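Structure, as structure tokens:
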Amino acid sequence: MLEDEKKLRWYNLALMAFVSVWGFGNVVNNFANQGLKVIVSWVLIIGLYFVPYALMVGELGSVFKDGKAGVSTWIGNTMGKKLAYFAGWTYWVVHIPYLAQKPQAVLIALGWAVKGDGTLVSDMPTLTAQLITLVIFLIFLWVASRGITSLKTIGNIAGTSIFIMSMLYILLVIAAPFIRGTDIATANITVETIIPRFDFTYFTTLSMLVFAVGGAEKISPYVNNTKNPSKEFPKGMLTLAIMVAISAILGSVAMGIMFDANNIPKDLMMNGQYYAFKMLGEYYGVGNILLIIYALANMTAQISALVFSIDAPLKVLLADTDDNFVPRTLTKTNKYGAPINGYLMTAILVGILIVVPALGIGDMSELYNWLLKLNSVVMPMRYLWVFLAFIALKKASDRYNSEYKFVKNDKVALGFGVWCFIFTAFACIMGMFPSGIQAYSGEWWFQVILNVVTPFVLIGLGLILPLIAKRKKNT
């Protein structure tokens, strides 16, 4: 009977994980950062980071299979309740820059769907665009506070459609020079053109790669649902790594066919996905139909992700809360079950992050790129807790049993945990330095200051809640 319940096979796991972890934006953003040199970067990041990361998550999920709060549960069991609170806080607060950018993505997608180009946003003054972005955010914050969940289902359908279109894009672009006679935009592609130069500028782009392959903790609940965890889970994760590598490499080649890797458009991160589908329609003589379908699907998916990301991370923070660390007022819910004071805290922080940067970054494309880069600095900070939990697990391995072990030798496994922690921290620190704009200019320094201050402020705010909670308990 138990075997019947554990019915997931390695190929089911690999496919589920691929759809949830991977996206076309990962290809576009990293091509915009590195050009065709990203091909070698993908091979290195997947082999040296993503594979051990995914397998570590599998072991944590196997050991703490009854945990409901993910990383917070892992930290709570291995390192105590206080650090579990900070892990939960980090998981929630790193979504603030993410929530600040999602309304931008909605507005950009709408502009492409309606006008067939990116001028709706790019022609606006940055402050005007950001104020509209703030209004969009507040509208969907209200929607989330009403307990509306149907948007998640619609978003999943839209997200699946985007995923299928992204795979078709790669195949159709690579085939286009052969069946449509299109020219390859990047001339003289050689081995030298795809080998990165490992200098300071290159290291500033690592955080975007880490951001792209992160999120493997989503897979952890399924490790014990596999037929034979010790064999099926690693096989599924290795298959996932191969699928990601093929998609990333072929996607980068497709981008190099369509865009000159030696002369990358400044707004490729902001508009690259839409340029790609507009040009694909031109290749195959179907006009803007592919662009419009993609833009509408992406807009719907972004709205769903926005609503879900307002609600879900906050509930993770408050789900298994301890009133020694989180004031009870934050857990107060409205009649729809939404933690309304938590929503208010979210609105204030996101509002600041939407408006303030527009006062110092005058170009909308540059502002979008900065916020995306900030996400790549801040989001991986939650992965640091994953590796800390794994390190603590290996240091006390005699206390825990697991149906699946990443590496049988605990010292070797510990070494992998330390490596991934150090690499993630290094990528986050290097990501704080902007690439693509003039070094040491006024705007460069403005972005550096924001990139350094924002993570410290967001994480530092987590120190305040326990003080408020303690004072509330003593009154």
Side-chain angles (χ1 to χ4, degrees), residues 11 13-55 57 159-160 162-176 184-186 189 191 193-198 202-216 218-219 236-261 264 268-269 272-273 275-277 280 294 298 372-373 375-376 379-380 383 420 423-424 427 431 435:
Y11 44 83
L13 195 65
L15 191 59
M16 286 166 54
F18 186 55
V19 173
S20 64
V21 169
W22 193 245
F24 184 49
N26 296 328
V27 175
V28 175
N29 294 335
N30 284 285
F31 178 83
N33 251 346
Q34 295 188 17
L36 284 177
K37 296 183 188 302
V38 79
I39 291 173
V40 171
S41 297
W42 282 126
V43 174
L44 293 175
I45 199 79
I46 290 168
L48 297 176
Y49 182 79
F50 179 63
V51 171
Y53 171 29
L55 295 177
V57 161
T160 304
I162 292 169
F163 179 79
I164 292 169
M165 289 184 73
S166 301
M167 294 299 104
L168 283 174
Y169 166 81
I170 292 171
L171 293 173
L172 290 173
V173 172
I174 291 175
I184 296 175
T186 306
I189 300 174
V191 174
T193 61
I194 66 170
I195 302 295
R197 185 178 176 184
F198 298 102
Y202 175 79
F203 291 131
T204 66
T205 66
L206 289 179
S207 63
M208 196 70 74
L209 289 163
V210 172
F211 184 35
V213 299
K218 296 174 187 175
I219 310 158
M237 291 304 96
L238 290 173
T239 304
L240 167 64
I242 292 168
M243 292 167 70
V244 169
I246 291 171
S247 175
I249 291 168
L250 292 182
S252 301
V253 170
M255 292 296 289
I257 290 172
M258 186 171 273
F259 301 96
D260 184 357
I264 295 172
L268 196 67
M269 282 190 186
Q273 298 174 63
Y275 285 144
F277 280 94
L280 187 63
Y294 183 84
N298 199 28
L372 183 61
K373 193 72 183 286
N375 269 292
S376 77
M379 270 290 192
Y383 313 149
C420 285
F423 181 79
T424 304
S435 55

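As the structure is a computational prediction, the values presented were derived from the model and not from experiment. Quick note: residue numbers are just sequence positions, from 1.
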Before giving the answer on side chain to side chain contact (heavy atoms under 4.5 Å, CB included), spell out for Tyr53 and Val213 the whole-Å C-alpha distance, their side-chain angles and the decisive distance to 0.1 Å.
CA-CA 9 Å; Tyr53 171 29; Val213 299; 5.5 Å; no
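- Counting heavy atoms from C-beta on, the side chains of Leu240 and Trp22 never come closer than 4.5 Å.
- The structure places CZ of Phe423 at 7.5 Å from CG of Leu209, a figure rounded to the nearest 0.5 Å.
- Among all heavy-atom pairs drawn from Gly251 and Val27, the shortest one is C-CG1, 3.4 Å.
- In this structure, the side chains of Ser41 and Tyr202 come closer than 4.5 Å at one or more pairs of heavy atoms.
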Applying side chain to side chain contact (heavy atoms under 4.5 Å, CB included), run through Asn33 and Val38 and close with a yes or a no.
CA-CA 8 Å; Asn33 251 346; Val38 79; over 6 Å; no
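- Side-chain contact, Tyr294 with Ser166: no donor N or O sits under 3.5 Å from an acceptor N or O.
- Looking only at distances, a side-chain donor or acceptor of Thr186 sits under 3.5 Å from a matching main-chain atom of Phe259.
- Side-chain contact check for Ile242 versus Phe18: every heavy-atom pair is 4.5 Å or farther apart.
- Of all heavy-atom pairs spanning Met165 and Phe277, the tightest one is O-CZ, 3.6 Å.
- Here the closest heavy-atom approach between residue Pro380 and residue Val210 is recorded as CB-CG1, 3.9 Å.
- Residues Ala254 and Ile174 approach most closely at CB-CG1, 4.2 Å, considering heavy atoms.
- The structure places CG of Leu172 at 9.5 Å from CE of Met258, a figure rounded to the nearest 0.5 Å.
- Atom NZ of Lys37 is separated from atom CG of Asn30 by 15.0 Å, given to the nearest 0.5 angstrom.
- The structure places CD1 of Ile184 at 12.0 Å from CG of Asp260, a figure rounded to the nearest 0.5 Å.
- Note: Ile194 CD1 to Trp42 CH2 = 15.0 Å, rounded to the nearest 0.5 Å.
- In this structure, Met269 and Asn29 approach most closely via the heavy-atom pair CE-O, 3.6 Å.
- Across Leu36 and Gly256, no two heavy atoms sit closer than the pair CD2-CA, 4.1 Å.
- At least one side-chain heavy atom of Met237 sits less than 4.5 Å from a side-chain heavy atom of Leu13.
- Side chain of Ser376 to main chain of Phe211: no donor-acceptor pair is present (N/O by atom type, distance under 3.5 Å, no hydrogens or angles).
- Here the CD1-OH distance, from Ile162 to Tyr169, works out to 15.0 Å after rounding to the nearest 0.5 Å.
- Side-chain contact check for Met243 versus Leu15: some heavy-atom pair is nearer than 4.5 Å.
- Tyr11 places none of its side-chain heavy atoms less than 4.5 Å from the side chain of Thr239.
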